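For reference, the structure is listed below as structure tokens.
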2 protein chains.
Amino acid sequence: MKLSAKAEYACLAMLEMARRNPEEPPARIREIAGPSHIPERYLVQILLRLKGAGLVQSVRGASGGYHLARPAQRISLLDVLNAIDGPPEPMPDPTEPLARALLKVRRQASEAERKILAETTLESLVADLAAREWVI
Amino acid sequence: MKLSAKAEYACLAMLEMARRNPEEPPARIREIAGPSHIPERYLVQILLRLKGAGLVQSVRGASGGYHLARPAQRISLLDVLNAIDGPPEPMPDPTEPLARALLKVRRQASEAERKILAETTLESLVADLAAREWVI
DNA sequence: ACCATGTTGACTAAATTGGTCAACTATCAG
DNA sequence: CTGATAGTTGACCAATTTAGTCAACATGGT
């Protein structure tokens, strides 16, 4: 599954926020970017889109930052990727029979992938992560 | 499922050859390109890669052309896409725990997609096509 | 009032994509 | 033999996308 750097950064940033306690003060850009070595100036753009999609909220001012807009349990990877790449624009059905048959298979493949991404929430990933650290 | 123009042309060209009778003389580039409106000069490059991958054979000379290297039943869409894009290069496991968790999901999604493409053969697509024309 | 933070849009360098072109080689028909 | 028709190869190019930077501004806690 191909993933642009932008999309990957977005997922990592969301996961970074997801693993923080919701009671803590909002995470600063530097704190989000640090662990994954995301260029800070670039992350700014990404967070802006995530905010536009309603996935995160920002707090301005001297002790501001970002936090998830809803519980990690209710945000899927699909939500994040759609926020970054935009929703997949529907392709018009081609008239050529060969192209139609091909498109049908592509849609099957897309659906299989979509299902996996929709079932994976930020919380399930963070939980999986915590489980791994447990055995160390 | 994102598909480059090159990859789509490759699939359409393979399907065009698959639906011809194996007894017929090889298909000329013009005949392959025609129905799908593929730029001929571009198709040349694509066929060359398909040949390099062992999926088609070429016949040179005045009445030459291209035909499948093995029965359509034994060529999957995955074979075609791998021939064009190259096999997916294995990504090194990242050290950051977050990135690891993310990669795991990506691999699941890739595998789901891969399975669909590997199960779909040129013959099954052509058969599906023939079935549709039957009811017309 | 200050200064650390977020907000926004313009900008750019590099990689990828989609495609063209020209020169060459092989082979069949006559 | 010879010429027309086909494939072979590699260089080339323009448009788009990607990845990232920068500068100028707005906001709000201390």
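Just so you know, these numbers use all the heavy atoms, side chains as well, and skip hydrogens, waters and symmetry mates. As the structure is a computational prediction, the values presented were derived from the model and not from experiment. Throughout, a chain's letter reflects where its sequence line sits, starting with A, and its residues are numbered from 1.
Side-chain atoms of B:P39 and B:Y9, non-hydrogen and from C-beta on, do get closer than 4.5 Å to each other. Here the side chains of B:K51 and B:I46 are not in contact, with every heavy-atom distance at 4.5 Å or above.
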Evaluation steps, side-chain contact (heavy atoms from CB on, under 4.5 Å), between A:D79 and A:T121: CA-CA 9 Å; A:D79 293 330; A:T121 69; over 6 Å; no
B:D85 vs B:K6, salt bridge (charged side-chain N to carboxylate O under 4.0 Å, His left out): CA-CA, chis, key distance, verdict: CA-CA 9 Å; B:D85 299 335; B:K6 194 173 195 170; over 6 Å; no
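Out of C:dG19, D:dG7, D:dA19, the shortest distance to the side chain of B:I29 is found at D:dG7. In the set C:dG6, D:dA19, D:dA6, the nucleotide with an atom closest to the side chain of B:R28 is D:dA6.
Remark: A:S58 is in phosphate contact with C:dT7, judged by side-chain N or O atoms under 4.0 Å from OP1 or OP2. Contact between the side-chain N/O atoms of A:Y9 and the OP1/OP2 oxygens of D:dG20 is found at a separation under 4.0 Å.
DNA chain D is contacted by both B:A27 and A:K6; B:A27 maps to the nucleotide lying nearer its 5′ end (nearest heavy atom per residue).
For B:R70, the CZ atom is densely surrounded, since the number of other residues' heavy atoms within 6.0 Å is greater than 12. Residue B:Q73 qualifies as open at atom CD: its count of foreign heavy atoms under 6.0 Å is 12 or below. Around atom CZ of B:R28, no more than 12 heavy atoms belonging to other residues, nucleotides or ligands sit under 6.0 Å away.
Electrostatic pairing of A:K104 and A:D93 does not count as a salt bridge here, judged by no charged N lying under 4.0 Å from a carboxylate O. We find that B:R74 and B:E123 are not joined by a salt bridge, their nearest charged nitrogen and carboxylate oxygen being 4.0 Å or further apart.
D:dA19 atom P lies 10 Å from atom CG of A:D85, rounded to whole Å. For the pair B:I84 CD1 and C:dG18 C1', the computed distance is 13 Å after rounding to whole Å. Note: CG (B:L3) to C1' (C:dG18) measures 14 Å, nearest angstrom.
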Contact state string [nucleotides 25-30 of chain D, B base, S sugar-phosphate only, - no protein heavy atom under 4.0 Å]: -BBBS-
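Only A:P39, A:R41, A:Y42, A:Q45, listed by number, bring a heavy atom of residues 39-52 of chain A to less than 4.0 angstrom from any atom of DNA chain D.
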